[in-house]
There are 2 protein chains.
Amino acid sequence: MKLEKITSKTKGARRTYEDACGTAHALDLIGERWALLVMRELLLGPKRFSDLRADLPGISANVLTQRLEGLEETGLVVRRKLPPPASAQVYELTDWGYESEPIIQTLGRWATRSPLHDSSLSLSGTSLMLSFRTMFAPERAGDFVGSIGFRIGHERYRVTIADGRIEAVRGDPEGADAILTGSAPVMAAIVYGGVPLDALIGESALKLEGDRALVERFATFFPLPTKVGSSVA
Amino acid sequence: MKLEKITSKTKGARRTYEDACGTAHALDLIGERWALLVMRELLLGPKRFSDLRADLPGISANVLTQRLEGLEETGLVVRRKLPPPASAQVYELTDWGYESEPIIQTLGRWATRSPLHDSSLSLSGTSLMLSFRTMFAPERAGDFVGSIGFRIGHERYRVTIADGRIEAVRGDPEGADAILTGSAPVMAAIVYGGVPLDALIGESALKLEGDRALVERFATFFPLPTKVGSSVA
DNA sequence: CGGCATCCGGGAAGATACTG
DNA sequence: CAGTATCTTCCCGGATGCCG
């Protein structure tokens, strides 16, 4: 039954650029809509289907299914079954998949100069952590040493700075010098928008535990490039 | 009726990710099919519509028109009218557009590890020059000093190496230490495929003028990353 | 609830033909 | 040469429904 359909497009038959250039091949692999953002959401570790859906507002279930299938076929993602008790299926990047982080960072840094960039839109916790990795300026941090925990929705992250290097990972914030609780856009407003802590705490948009001065220093370590068309080019 | 539909997308109404993440915004700007490859072809300088068509095998005229319009709207490309005598219209990247080169390089370097990458496909002269910029390994070049000219189709390029740095530009090859004439895939076979010069000269696929030993050294300066799944990981 | 198959409407991409 | 016009095909996005 319907053998002709099977033969007509036996399997992939993906649209490719037919170009030996590496960049073109990269687009063959991750150029489809949503593909790179799915990778982004997996960069801090495995996630379940519904977590991905929740963190990618606007993606539909069938497109997410298609992307995960495609990324699995090309060897960028693997499905893994968690051992019981937590017997759930998760998607995880392969080693090669994790190597896509520089791509995501380069794109992100470049686009920050766009005059059309609207930073008031929603932001996932993963995106925020990756932006810290991308925008961290060691010369601003000097000999700063410290760690800050983040509680964003149900997710937990920990950022550690020492020796002019930054680490931003998913994990338990307990034991950090300070812990911030709030939404990702609020955290972004502090670090990138220059909004003072008090304003947000006053609005109950943010909760701060621990070393306040340390958080205020931390917020100065992530300078943004100038917008294009800005006279201070 | 259906006035609401008309107002809802009166004009542009481009599809966006509605995500504050810089990476997502980058994809809003250059994530459409062909957009980044159009930028790639402009990275070595302005080109005319039909040159772009010729160097992007597979793109159709209307899609190229749409991409150029879009890139112009977002401020990445400008149309310029060449002064008479050569009174022709060309497309050129803006300063911000030129800053996309790291994106293209990062994508290209990453994709080179793909097991699915087929280097036998066609390749534009621009892609070849950009691959030299991307893959150049200064430690391989040591104190090498020299310049090589390339004649590929009607295009002319010049690659200069000195002080452990490489320059690859469009321009007159006269005066270079050696000049190669042939197709871009043939040049790639030499540099990336390890094919000896003699074989290609014998097939009349390549013409060499000038310092042969210099070309043979040059061909060793561009190591490729290992393929994923290779046992020599 | 998690994951996947299916159907449908709209829009973007691809191919071809045509025009100034 | 530099595009426009038209038609077809395919992908994306939304909704529904099935199944474990």
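Only heavy atoms go into these numbers, but all of them, side chains included; no hydrogens, no water, no symmetry mates. Note on naming: letters A, B, ... go to the chains in the order of the sequence lines (proteins, then strands), and numbering restarts at 1 for each one. This one's a predicted model, so the numbers in the text were calculated from it and none came from an experiment.
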Rounded to whole angstrom units, what separation is found between the CH2 atom of A:Trp34 and the P atom of D:dC11?
-> 18 Å
A:Glu73 and A:Arg79 ion-paired at < 4.0 Å = no
Got a salt bridge between B:Arg48 and B:Glu41, using NZ or NE/NH1/NH2 to carboxylate O under 4.0 Å?
-> no
Between A:Met39, A:Glu99, A:Glu101, which is the residue that forms a side chain to side chain contact (heavy atoms under 4.5 Å, CB included) with A:Leu93?
-> A:Met39
Would you please test A:Val78 and A:Glu72 for side-chain contact (heavy atoms from CB on, under 4.5 Å) and show each step?
-> CA-CA 6 Å; A:Val78 288; A:Glu72 196 178 359; 5.7 Å; no
Are any of B:Tyr17's side-chain N or O atoms less than 4.0 Å away from OP1 or OP2 of D:dG13?
-> no
Neighbours of DNA chain C within residues 36-50 of chain B, by heavy-atom distance under 4.0 Å = none
In terms of ring plane angle, is the pair A:Phe222 and A:Phe136 parallel, tilted or perpendicular, where the classes change at 30° and 60°?
-> tilted
B:Arg33 side, atom CZ; B:Arg67 side, atom CZ - distance, nearest 0.5 Å = 9.5 Å
Base, sugar-phosphate alone, or nothing: which one does A:Arg79 contact when heavy atoms must sit under 4.0 Å apart?
-> sugar-phosphate
Between residues 58-70 of chain B and DNA chain C, which residues have a heavy-atom gap below 4.0 Å?
-> B:Gly58, B:Ser60, B:Asn62, B:Val63, B:Gln66, B:Arg67
Let me know the distance between CZ of B:Arg15 and P of C:dG10, rounded to the nearest Å.
-> 14 Å
Starting at CZ of A:Arg33 and ending at P of D:dC12, how long is that distance when rounded to a whole Å?
-> 9 Å
Could you tell me whether A:Asp95 atom CG has more than 12 heavy atoms of other residues or ligands within 6.0 Å of it?
-> no
d(CD, B:Glu18; P, D:dC12) in whole Å = 18 Å
Rounded to the nearest Å, what distance is computed from the CG atom of residue B:Leu27 to the C1' atom of nucleotide C:dA12?
-> 17 Å
Rounded to the nearest Å, what distance is computed from the CD atom of residue A:Glu32 to the C1' atom of nucleotide D:dC11?
-> 9 Å
Are A:Phe150 and A:Phe132 close enough that their ring centres sit under 6.0 Å apart?
-> yes
Can you tell me how far P of C:dG3 sits from CD of A:Glu72, to the nearest Å?
-> 12 Å
Parallel, tilted or perpendicular: ring planes of B:Phe49 versus B:Tyr91, cut at 30 and 60 degrees | tilted
A:Leu52 atom CG is separated from C:dG2 atom C1', nearest whole Å, by 12 Å
